[in-house]
Amino acid sequence: MNIDLLFKIAAIGILVAVLHQVLVRAGREDQAMMTTLAGLVIVLTMVIKEISTLFNTVRTLFNL
Amino acid sequence: MEIIKIVGIGLISLIIIIMLKQYKPEFAIYASILAGVLILVLVMDKLTGIIDLINSIASKASVNTKFVALLIKITGIAFLSEFAVSICKDSGESAIASKIELGSKIVIISMSVPIISSLLELILKILP
């Protein structure tokens, strides 16, 4: 639960953006879309893990 | 000391979001959600002290502890719904934000029914 998660997301975002441009230039639009979707899913799993920890702490704290 | 961490996380994520918004706006939303989660979790452990203080004061002041527990539960619900509403508003989906707000209001009202009924009984007892 620290700051490097943010940097990981930024890195993946930039990487996917670059890959997207490279693949689009190389004429493979479908693979470019695939890499963007893959990047999205990876970041989604990371963010969902953090959100679930937040929800668990809130639930135990406020005994919801 | 905590405030420096909070401000730091906020500013760093702001810069990252601005940078990401230019290339891939989807990742900007992820970064904003994660920044919110990080800051909230950071201040969570301070909340336990506050809640224990409230409980001890309530038990000392012989307030009905059932109501205090309910109040704390309602605060938690409001806390979570405010988290979701602000994220939805940030990403431009104010319709979803208002739906979440409406839903959380209904949940809170449905939970506070016992308090309202006991208040009414109290008033009826007082009236001649």
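All heavy atoms count here, side chains included; hydrogens, waters and symmetry mates do not. By convention in this document, chain letters (A, B, ...) are assigned in the order of the sequence lines, proteins followed by strands, and residues within each chain are numbered from 1.
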J.: Is A/L19 linked to A/L44 within one hydrophobic cluster, defined over Ile, Leu, Val, Met, Phe, Trp and Tyr using a side-chain heavy-atom separation of less than 4.5 Å?
T.: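 No, separate clusters.
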
J.: Surrounding NZ of B/K73 (heavy atoms of other residues, nucleotides or ligands, distance under 6.0 Å), is the total greater than 12?
T.: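 Counting other residues, nucleotides and ligands, NZ of B/K73 exceeds 12 neighbours.
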
J.: Could you state whether B/V43 and B/V7 fall into the same hydrophobic cluster, counting links through intermediate Ile, Leu, Val, Met, Phe, Trp or Tyr residues with side-chain heavy atoms under 4.5 angstrom apart?
T.: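 Different hydrophobic clusters.
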
J.: I need the residue from B/F83, B/Y30, B/F79 with the largest number of non-hydrogen atom pairs under 4.5 Å to chain A.
T.: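 Ranked by heavy-atom pairs under 4.5 Å with chain A, first place is B/Y30.
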
J.: How many angstroms lie between atom CG of B/L38 and atom CG of A/L6, to the nearest 0.5 angstrom?
T.: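 Answer for the CG-CG pair, B/L38 versus A/L6, is 5.5 Å.
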
J.: With a 4.5 angstrom heavy-atom cut-off, is it the side chain or the backbone of B/L20 that approaches chain A, or both, or neither?
T.: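 It is the side chain, since no backbone atom gets that close.
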
J.: As an exercise: rank A/I12, A/T57, A/V58 by heavy-atom pairs under 4.5 Å with chain B and give me the winner.
T.: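 If we count pairs closer than 4.5 Å to chain B, A/V58 comes out on top.
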
J.: Hey, any chance A/I42 and A/M33 share a hydrophobic cluster, counting ILVMFWY side chains that come within less than 4.5 Å of each other, even indirectly?
T.: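 Looking at the clustering, A/M33 is in the same group as A/I42.
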
J.: Between A/L40, A/V47, A/I14, A/I51, which has the largest tally of heavy atom pairs under 4.5 Å with chain B?
T.: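 Sorted descending by pairs with chain B, the first entry is A/L40.
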
J.: Going by the side-chain contact (heavy atoms from CB on, under 4.5 Å) test, name the single residue among B/V41, B/V37, B/I33 that passes it with A/E50.
T.: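 For A/E50, the side-chain contact (heavy atoms from CB on, under 4.5 Å) test succeeds with only one of B/V41, B/V37, B/I33, which is B/V37.
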
J.: Say you draw a straight line from CG of B/L80 to CZ of A/R59; how long is it, rounded to the nearest 0.5 Å?
T.: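 Nearest 0.5 Å value for the CG-CZ distance: 9.0 Å.
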
J.: Do B/I87 and B/I6 land in one hydrophobic cluster if side-chain heavy atoms of ILVMFWY residues count as linked below 4.5 Å?
T.: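 B/I87 clusters together with B/I6.
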
J.: Compare all side-chain heavy atoms of A/L54 with those of B/M44 and state whether any distance is below 4.5 angstrom.
T.: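 The answer is yes, as the side chains (C-beta and beyond) meet within the 4.5 Å cut-off.
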
J.: Can you measure from CZ (B/F27) to OG1 (A/T36) and round to the nearest 0.5 angstrom?
T.: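 Spacing of CZ (B/F27) from OG1 (A/T36) equals 7.0 Å.
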
J.: Chain A heavy atoms under 4.5 Å from B/K24: which part of the residue, side chain, backbone, both or neither?
T.: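 Just the side chain, heavy atoms under 4.5 Å.
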
J.: Honestly curious: do B/I9 and A/F7 fall in one hydrophobic cluster under the side-chain, below-4.5 Å linking rule?
T.: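 In one cluster with B/I9: A/F7, yes.
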
J.: If you count heavy atoms of other groups shown closer than 6.0 angstrom to OH of B/Y23, is the number above 12?
T.: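 It does not: B/Y23 OH has 12 such atoms or fewer within range.
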
J.: Is any side-chain heavy atom of A/F62 closer than 4.5 Å to a side-chain heavy atom of B/I51?
T.: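 The answer is yes, as the side chains (C-beta and beyond) meet within the 4.5 Å cut-off.
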
J.: With respect to chain A, which residue among B/T75, B/I74, B/L47 yields the maximal number of heavy-atom pairs within a distance under 4.5 Å?
T.: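 Looking at each option in turn, the highest pair count goes to B/L47.
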
J.: Between CD1 of A/I9 and OG of B/S32, what distance do you get to the nearest 0.5 Å?
T.: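 Going from the CD1 atom of A/I9 to the OG atom of B/S32 covers 9.0 Å.
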
J.: Below 4.5 Å from any heavy atom of chain A, which atoms of B/M19 appear? Answer side chain, backbone, both or neither.
T.: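 Side chain only.
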
J.: What do the steps show when you test B/E26 against A/V43 for side-chain contact (heavy atoms from CB on, under 4.5 Å), and what is the final call?
T.: CA-CA 10 Å; B/E26 307 88 56; A/V43 173; over 6 Å; no

